[in-house]
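Residue numbers start from 1 in every chain, and the chains themselves are labelled A, B, ... in the order their sequence lines are given, proteins ahead of strands.
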Number of protein chains: 2
Amino acid sequence: MSVTTESISHPACSEIELSAVLHALSDPVRLMIVAELAKGEGEYTCGSFSLPVTKSTCTHHFKVLREAGVIQQRQQGTTRLNSLRREDLDARFPGLLGTILKAAPNSVAVAAETA
Amino acid sequence: MSVTTESISHPACSEIELSAVLHALSDPVRLMIVAELAKGEGEYTCGSFSLPVTKSTCTHHFKVLREAGVIQQRQQGTTRLNSLRREDLDARFPGLLGTILKAAPNSVAVAAETA
DNA sequence: TCCGTTGTACGACGAGCATCGTACAATAGC
DNA sequence: GCTATTGTACGATGCTCGTCGTACAACGGA
């Protein structure tokens with residue numbers, strides 16, 4: 001339980017578990033989120049994704065991704081900025097994120113190429 | 001729904017879904033099974049694994065892996081021979097299986113090196 | 001100051017999952 | 001033919017997950 005940014009709890013790099021990462025990415029909605037994040041390389045607010053779910057569900061998915069160590073969340077005013085923990089993931093599981101993004105289906109595959 | 005071997009239903013190579021594969025591998029027990037299979041490259045009976053679950057649960061896990069397209073099952077007498085669908089997986093999601101096995105924790109990591 | 005925006009918290013609900021025990025089917029070996 | 005082995009089938013159980021609605025908190029702009 002190491003606080004990386006402020007009061008939002010993130011797992012430390014060494015605490016990231018493979019099972020949790022795979023489970024986090026096994027949901028299509030969350031895979032879409034990660035693919036979007038990978039496309040842009042920067043920080044995105046939760047609302048900037050056009051997801052087929054409500055706000056509540058959205059919050060839930062971002063929480064799962066964060067607690068699995070896949071993304072990082074940083075509070076800025078009323079919005080929350082999300083970014084991929086690409087370096088931490090690559091350090092812990094080399095190549096994993098890249099191959100999953102390349103393997104991601106249809107529209108997501110296009111996103112992976114940009115990254 | 002294409003029958004690859006006999007009467008046991010396997011998904012065709014093109015029908016393998018990333019979400020299903022990731023979900024299948026997100027369970028520690030199933031990841032152990034896959035790592036064991038990857039270690040030996042051959043065919044193994046269900047009973048040859050020393051898993052911390054009962055027979056019933058074992059059957060369930062093998063079924064999940066098979067329906068996700070990760071493994072192949074072939075009936076031979078009373079036993080069922082399991083093998084990894086390494087080529088199909090590599091064709092559909094290049095590099096995915098390899099990176100996940102390399103990322104697999106502790107004892108599993110040793111198994112991945114052998115492969 | 002008031003309102004709109006952004007996102008969380010909490011409770012609820014239905015579905016799926018991991019696990020088990022028991023019963024059963026099929027084959028191999030004696 | 002009888003029995004041991006191997007694995008499935010089925011039902012049950014408790015847990016987790018994905019989804020939603022409503023209510024609420026925090027900040028920014030007019």
Side-chain angles (χ1 to χ4, degrees), chain A residues 3-10 17-34 36-37 42-83, chain B residues 3-10 17-34 36-37 42-83:
Chain A
V3 178
T4 313
T5 48
E6 300 181 2
S7 58
I8 309 173
S9 71
H10 294 74
E17 283 184 33
L18 180 62
S19 301
V21 173
L22 293 179
H23 173 246
L25 297 179
S26 70
D27 185 280
V29 175
R30 290 195 289 262
L31 193 55
M32 282 174 62
I33 295 173
V34 172
E36 279 286 320
L37 284 174
E43 291 179 314
Y44 288 86
T45 65
C46 298
S48 67
F49 300 87
S50 52
L51 299 171
V53 288
T54 62
K55 274 197 302 178
S56 314
T57 310
C58 209
T59 298
H60 164 70
H61 284 312
F62 277 100
K63 187 180 176 188
V64 172
L65 286 171
R66 189 189 71 230
E67 292 181 343
V70 178
I71 67 169
Q72 197 171 36
Q73 293 190 299
R74 188 168 65 87
Q75 195 75 25
Q76 186 174 72
T78 62
T79 69
R80 188 165 282 200
L81 295 176
N82 302 278
S83 57
Chain B
V3 177
T4 313
T5 48
E6 300 180 2
S7 58
I8 309 173
S9 72
H10 294 75
E17 284 184 33
L18 180 61
S19 302
V21 173
L22 293 180
H23 173 245
L25 297 180
S26 70
D27 185 281
V29 175
R30 290 195 290 262
L31 193 56
M32 282 174 61
I33 294 173
V34 172
E36 279 286 320
L37 285 173
E43 291 179 312
Y44 289 85
T45 65
C46 298
S48 67
F49 301 87
S50 51
L51 299 171
V53 289
T54 63
K55 274 197 303 179
S56 315
T57 310
C58 209
T59 298
H60 164 69
H61 284 311
F62 277 101
K63 187 180 177 188
V64 172
L65 286 171
R66 189 189 71 232
E67 291 180 344
V70 178
I71 67 168
Q72 197 171 36
Q73 292 191 299
R74 189 168 64 86
Q75 194 73 27
Q76 186 174 73
T78 62
T79 68
R80 189 164 281 199
L81 296 175
N82 303 278
S83 57

For A:Arg80 and D:dA25, what is the distance between atoms CZ and P respectively, to the nearest whole Å?
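So the CZ-P distance, A:Arg80 to D:dA25, works out to 16 Å.
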
Given atom CG of A:Leu25 and atom P of D:dC17, what is their separation to the nearest angstrom?
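Roughly 15 Å, once rounded to whole Å.
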
Distance-minimising heavy-atom pair for [X] and [Y]:
X: B:Ala68; Y: B:Val21; value: O-CG2, 3.8 Å
X: A:Arg80; Y: A:Ile8; value: CZ-CD1, 3.6 Å
X: B:Tyr44; Y: B:Glu36; value: CE1-O, 4.4 Å
X: B:Leu37; Y: B:Asn82; value: CD2-O, 3.5 Å

Tell me, which of residues 60-69 of chain A have any heavy atom that sits under 4.0 Å from an atom in DNA chain C?
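Result for residues 60-69 of chain A: none.
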
Of the residues in residues 47-56 of chain B, which ones touch DNA chain C at a heavy-atom distance under 4.0 Å?
B:Val53, B:Thr54, B:Ser56

Residue pairs fulfilling side-chain hydrogen bond (donor to acceptor under 3.5 Å, both in side chains) with at least one residue in residues 25-34 of chain B, sequence neighbours excluded
B:Arg30-B:His61

Show me the side-chain donor-acceptor pairs of residues 48-60 of chain B shorter than 3.5 Å, one per line, residues at least two apart or across chains.
{"from": "B:Ser48", "atom 1": "OG", "to": "B:Thr45", "atom 2": "O", "distance (Å)": "2.7"}
{"from": "B:Thr54", "atom 1": "OG1", "to": "B:Thr57", "atom 2": "OG1", "distance (Å)": "3.3"}
{"from": "B:Thr59", "atom 1": "OG1", "to": "B:Lys55", "atom 2": "O", "distance (Å)": "3.2"}

So does B:Ser9 get a backbone contact from the side chain of B:Arg66, meaning a donor-acceptor N/O pair under 3.5 Å?
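Yes; at least one donor-acceptor contact below 3.5 Å.
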
Check whether any side-chain N or O of A:Glu67 sits under 3.5 Å from a backbone N or O of A:Gly69 as a donor-acceptor pair, and report yes or no.
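Judged by distance alone, no pair lies under 3.5 Å.
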
Name the first nucleotide and the last nucleotide along DNA chain C (5' to 3') that come under 4.0 Å of a heavy atom in chain A.
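First-to-last contact on DNA chain C, by the 4.0 Å heavy-atom rule, is C:dT6 to C:dA9.
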
When we call it a touch if two heavy atoms are under 4.0 Å apart, what does A:Thr57 touch: a base, just sugar-phosphate, or nothing?
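Base contact.
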
Can you sort out the partners of B:Ser83 under side chain to side chain contact (heavy atoms under 4.5 Å, CB included), two or more places apart, ordered by chain and number?
B:Glu43, B:Gln72

Inter-residue atom distance B:Gln73.CD - B:His10.NE2, 0.5 Å rounding:
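That separation rounds to 5.5 Å.
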
